[in-house]
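Convention: sequence-line order gives letters A, B, ...; per-chain numbering from 1.
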2 protein chains.
Amino acid sequence: MPPTATAATTTTPDAKRDAILDAALTLFSERTFDGTPVPLIADTAGVAAGTIYRYFPSKEALVNALYRQWKGELRRVIVDGIAGGTTVREQFGLMWQGLWRFGAEHPRAVAFIETHHHASYIDDESRALGQQIEDESIAFIEAAQARGEIRPADPCIVMSLVLGAFTGLVKHAGADGLMLDENATRESEEIMWAALRAS
Amino acid sequence: MPPTATAATTTTPDAKRDAILDAALTLFSERTFDGTPVPLIADTAGVAAGTIYRYFPSKEALVNALYRQWKGELRRVIVDGIAGGTTVREQFGLMWQGLWRFGAEHPRAVAFIETHHHASYIDDESRALGQQIEDESIAFIEAAQARGEIRPADPCIVMSLVLGAFTGLVKHAGADGLMLDENATRESEEIMWAALRAS
DNA sequence: GCAATATGAATGAATATTCATTCCAGTGCC
DNA sequence: GGCACTGGAATGAATATTCATTCATATTGC
């Protein structure tokens with residue numbers, strides 16, 4: 001394999017592309033997709049409008065790339081939490097702390113994912129990724145229920161409740177100035193585990 | 001007083017205005033504010049584009065009227081729940097069931113309120129209404145904590161968690177086809193009370 | 001010098017809003 | 001009762017603006 005090609009890609013793994021994605025994340029999370037003109041994304045990213053079309057074939061392709069990037073990161077947090085623990089309690093703790101850290105570091109990403117979840121311009125591949133996360137979460141809940149460690153409620157309800165609570169927390173924190181606080185992590189984790197655990 | 005004038009107003013308390021608001025609710029919740037052309041709202045409502053400007057001075061005024069209408073309804077549900085019960089457990093039960101019914105009957109309204117909460121075109125009066133609901137909710141939580149009936153966590157966190165969980169539930173149910181189910185109401189109420197109650 | 005890359009003014013398609021016109025219910029007059 | 005009249009309500013084509021996308025030109029790195 002040619003080492004130069006790989007090296008070049010490693011040095012500048014697409015600084016412009018990343019700047020565009022980052023600007024889009026900020027703007028889409030604050031003003032929605034349709035409310036954000038492409039030239040504004042360009043300005044914010046520090047590039048010209050035309051440059052965006054060198055990296056993404058259309059505004060829709062851009063929003064889908066962004067969605068997949070962050071939904072993928074979120075998935076890794078959940079999967080790693082599940083993989084990292086041995087007991088259900090431990091798995092949930094890791095997952096919640098991972099989510100919390102993710103929310104504290106990337107509040108814009110949480111808002112963006114939430115807002116664009118059911119949008120019409122989200123394509124099939126992006127939607128499939130969302131579905132995969134749901135399936136994996138529900139499989140985890142069902143397994144834990146089978147072991148009698150999570151209360152035997154509809155797994156769909158349990159998942160929506162927990163993910164919804166997390167999203168609500170991040171969104172509210174973003175508006176005011178909560179988060180990162182060590183104590184709040186523990187508090188919220190305790191509350192949610194009290195909600196989940198059997199009997 | 002002229003009885004005819006009053007009668008006329010009673011018969012049609014603004015059928016067109018209501019049709020416009022209803023069409024806007026559907027479209028804004030499905031496609032966002034900026035993603036919804038005014039002529040499409042007009043078509044959906046069964047009126048001409050110009051007619052909308054007879055009832056609302058601008059698209060922004062329309063979205064604010066809509067926001068206040070539904071945020072007001074939501075507030076009544078919460079306030080009535082608190083007012084209707086004598087114990088904290090009972091108050092929470094009424095509130096959750098009220099929210100549940102509201103979500104089942106008006107899923108579009110829940111999605112709309114959630115999506116437009118922090119939007120830039122939401123004016124000060126609308127924002128104040130949102131703040132009022134937060135203040136009232138937090139006052140309720142603090143009072144219950146003082147009586148030792150809700151766990152002594154940051155009231156802000158508790159509120160975000162509960163409201164977020166509710167929103168997550170409705171949004172997910174809207175996508176698939178949950179809700180209205182008598183059993184699911186009870187299940188989710190139990191889960192959330194387990195999360196809240198002291199020790 | 002020459003590819004590859006970046007630029008931003010120009011283009012054409014949408015969009016919010018306006019306004020000249022049509023419609024209609026109610027009123028007074030025969 | 002029938003009939004012209006009037007003012008508010010409704011219309012939808014026209015206007016002025018905004019936006020996604022393109023492309024001829026400029027810049028960069030080698």
Contact between [X] and [Y] at the side-chain level, heavy atoms closer than 4.5 Å - yes or no?
X       : Y       : result
Y55(B)  : V47(B)  : no
V63(B)  : F112(B) : yes
R151(A) : E190(B) : yes

Rounded distance in Å - [atom1] ([X]) to [atom2] ([N]):
X      : N       : atom1 : atom2 : value
D14(A) : dA4(C)  : CG    : P     : 16 Å
I52(B) : dT11(D) : CD1   : P     : 10 Å
Y55(B) : dA16(C) : OH    : P     : 20 Å
D43(B) : dG12(D) : CG    : C1'   : 11 Å
F56(B) : dA16(C) : CZ    : P     : 16 Å

Heavy-atom protein contacts under 4.0 Å, nucleotides 17-26 of chain D, coded B base, S sugar-phosphate only, - none: --SSBB----

Ring geometry between W96(A) and F166(A) (parallel below 30°, tilted from 30 to 60°, perpendicular above 60°): perpendicular

Counting neighbours of CD on Q131(B) that are heavy atoms of other residues, nucleotides or ligands and sit closer than 6.0 Å, is the number greater than 12? yes

Whether over 12 other heavy atoms sit under 6.0 Å from R68(A) CZ: yes

Think K16(A) has a side-chain N or O under 4.0 angstrom from the OP1 or OP2 of dA6(C)? yes

